[in-house]
Protein chains: 2
Amino acid sequence: MVRKPEDGGGEPRREAAPHPRRRPTIQDLARAAGISPSTASRALSGNGYVASEVRARVLAAAEQIGYVPDGNARALRNRTSRAVGVLISDIRNPFYANLAAGIEEQLRAAGYHVIVVNNGGQAEAEVEGARTFLAVRVSAAIVTPVSGRAVRMLMDDGVTVVQADRMVDGLTSDGVLVDNVQGSQEITSHLIDLGHTTIALLIDETDWTTGAGRLAGYRAALRAARLPMDPALVVPTRFQPDAARDAVNALLDRRPDVTALFAANNMLAEGAFQALQGRGLRLPDDLSLVAFDDVPWMSMVSPGITTVDQHTDDLGRTCAQLVIDRLSGSAPTLATVRYIEPSLVIRGSTAAPHGVRTHAAGAGSRPVTTAPSPG
Amino acid sequence: MVRKPEDGGGEPRREAAPHPRRRPTIQDLARAAGISPSTASRALSGNGYVASEVRARVLAAAEQIGYVPDGNARALRNRTSRAVGVLISDIRNPFYANLAAGIEEQLRAAGYHVIVVNNGGQAEAEVEGARTFLAVRVSAAIVTPVSGRAVRMLMDDGVTVVQADRMVDGLTSDGVLVDNVQGSQEITSHLIDLGHTTIALLIDETDWTTGAGRLAGYRAALRAARLPMDPALVVPTRFQPDAARDAVNALLDRRPDVTALFAANNMLAEGAFQALQGRGLRLPDDLSLVAFDDVPWMSMVSPGITTVDQHTDDLGRTCAQLVIDRLSGSAPTLATVRYIEPSLVIRGSTAAPHGVRTHAAGAGSRPVTTAPSPG
DNA sequence: GATCACTGTGGTAACGATGCCACATCCGAT
DNA sequence: ATCGGATGTGGCATCGTTACCACAGTGATC
């Protein structure tokens, strides 16, 4: 029941002290090093003059007595902390989990720590989260915005904000976006190149930059191929897999001529996949399926799902780096928006529609990964 | 490119102020309400006498001027904060993501916020994370321990610690564990009931409570069925899917008589699944596959994988609740360990071995969910 | 020999919230 | 009339850190 090699139970255990020993302060440190608190502070921070011999003595003493600067006192005094708020919708969704992971790693390496608030897509919870960030004086916040209110609150208080994945109109913060139009156009073109002409788009919203971009890319690809744009093929649904499943079933009942289905995100893809399985349709023979946002199950099923990989880790790391640059003053003064270029991952869920020969044309000029099914 | 209904761009925008307006302090609040800071403090916190008329005035003024108490000043003064540290291994792994989500939701509802540190399974990063927690004076920490050093550091400083999923020996903190022995025994018995006698266990470690418990449960099930325990069927591997895949391939080359495979966690299951796919083996006809820890892809593939569901959300929420109880002083004084009872989820990946008839016996006395394949 | 720049150190006043204590009422009881 | 308790309020010190300022040396320059 033990991690034997590491539990390090060698030292005698301290008795459960009723009052745990007071943490050493910079006063204690100064006393230990035989100097004043001011000098100790300068020695640690490197601001101002300190004789190098003294600095060494202070560092040694700090190590020796186990001095850890009090983050709260610092934050109070400096009116800013090493904390960065991360406000996302649903950490259970691999997209947000990877985003958060990328952010956390990059920020931790730069000496910041993250406070994570899950808003569940609720504007109310989002505002609550922003309030928390203000209360603890985060130096910056990274937000996948829901309503814009939270972002505005933070910006109005002078907090550095980076919007991730999507941006609210009318707010000039930094942002990191995925090139949704490009990715969507590319994967739609992939279907068209295979010979599909009746391609349905399953989508939950077109008000955010994400949904709007994906819809635009889908349209652009059809237009470029001079295919008709049939509004009935743009299938609205709610964000839940169950809703998507029902929507797909309704669509296929209504339109048996659909040969390819494009799910605008991983949740919808899940529902779509379940619907197709439930109907006993075989991929890619009976229907081709593609999805925006590559998540683990898509490479586990057989055949694997052809997707647009958003490079979510990169997205997160880029957000974090933007924050770091801003806070260190090395970012340009104007608000910056960076774009992550997504890439197409071709797997087995796409093929020429039944009885149609593939075009000779390739998938376009952009990088394409061809991934085998697992194994 | 906008979330139209909510962007709320109605109010005139504040000019980008060179010095963002100073945040109102309790002094400002006191002035606005025509009383002293002390009284304002009492009005807000409810400690001590305040005339109800005055309290109302203070609350109104707070609302009006947008007063938000400074968390750092509070933390400095009170020597503790509303922050709880969450120290986990890999938020990209759905197990940890769900754990973190459960924790965050429960704590947020109780007015705490979480600082998340991903240690990547590295003892060094874990200690670094603990140092961060100490620096910001978290009031408690929830840790999936790697080495025990971090937990010890925190406890030595008087921080309330809850160990999650596994516990380090020799440290008497609270903990929330999954009943690994029970879950493992149950799923192994399920295979035995189906008629399997040559069941391999793929496992990465047996030093932590998790691995040790799962191995013990596997053994107990074999013993209960009076089946021989063949040490060569306990297959060690590293924690990565790739390593697990190689290990499974090597096993099946060596032991073609294996009819069922039990992967001790979701990462190993991923590798195992890939290996089976790569070999063109059909589930459950050629081999039965089961896994400890139910993650999304396991219900997406066909057939679905039979698993032990650890109720990870519950695990997280229970940890959080333990923290809340401890901090509010309502937990028992002694260290408490709570157990989460896992449950068996039977899907299509398990069946009688080729040419064997199923026992009449049921799966045992514990609750069992039978989940259909998706659709 | 006075002035100046530079190096190096310590004292002190904040940062914002809070809880103790002193003080001021007002009421009923002695 | 005095006391004591209950109710209500404000002053002040404090949490730990840091930036500003004053000041003390030292050496170089006029």
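Per chain, numbering begins at 1; letters A, B, ... match sequence-line order.
- Taking every heavy atom of both residues into account, L87(A) and A130(A) meet most closely at CD2-N, 4.2 Å.
- With N119(A) contributing its side chain and A125(A) its backbone, the two residues share no donor-acceptor pair below 3.5 Å.
- Side-chain contact check for S36(B) and T39(B): at least one donor-acceptor pair (N or O, by modelled atom type) lies under 3.5 Å.
- Rounded to an integer number of Å, the gap from L76(B) CG to dC15(D) C1' is 4 Å.
- The footprint of chain A on DNA chain C, defined by a heavy-atom cutoff below 4.0 Å, extends from dT7(C) to dG16(C).
- Using a 4.0 Å heavy-atom criterion, one finds that R79(B) contacts the sugar-phosphate atoms exclusively.
- R137(B) places no side-chain N or O within 3.5 Å of a backbone atom of S81(B) that could act as its donor or acceptor partner.
- An angle of 70°, rounded to 10°, separates the two end axes of the helix from dG1(C)-dC30(D) to dT30(C)-dA1(D), each defined over five pairs.
- Proximity of a side-chain donor or acceptor of R326(B) to a complementary backbone N or O of V161(B) within less than 3.5 Å is not detected.
- Counting to the nearest Å, the C1' atom of dT18(D) and the CD1 atom of I26(A) are 8 Å from each other.
- Of the N and O atoms on the side chains of T144(A) and Q163(A), not one donor lies less than 3.5 Å from an acceptor on the other residue.
- An OP1 or OP2 oxygen of dG16(D) is reached within less than 4.0 angstrom by no side-chain nitrogen or oxygen of T25(A).
- Although no hydrogens or angles enter the test, the distance criterion places a donor-acceptor pair under 3.5 Å between the side chain of T318(A) and the main chain of D314(A).
- For the pair R108(A) (side chain) and N118(B) (backbone), a donor-acceptor distance under 3.5 Å is present.
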Problem set entry | Contact pattern, 5' to 3', of nucleotides 4-12 of chain D - B, S or - by protein heavy atom under 4.0 Å | ---BBBBBB

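- N72(B) comes within 4.0 angstrom of no nucleic acid atom, judged by non-hydrogen atoms across all strands.
- Q27(A) places its CD atom 8 Å from the P atom of dT17(D), with the value rounded to the nearest Å.
- Among E126(B), R166(B), M167(B), the one residue that satisfies the side chain to side chain contact (heavy atoms under 4.5 Å, CB included) test with V143(B) is E126(B).
- Salt-bridge check for R149(A) with E124(A): passed, with a basic side-chain N closer than 4.0 Å to an acidic carboxylate O.
- Listed for the N78(A) side chain is no donor-acceptor partner under 3.5 Å among the backbone atoms of T80(A).
- The base of dT17(D) lies outside donor-acceptor range of the side chain of R74(A), with no N or O pair under 3.5 Å.
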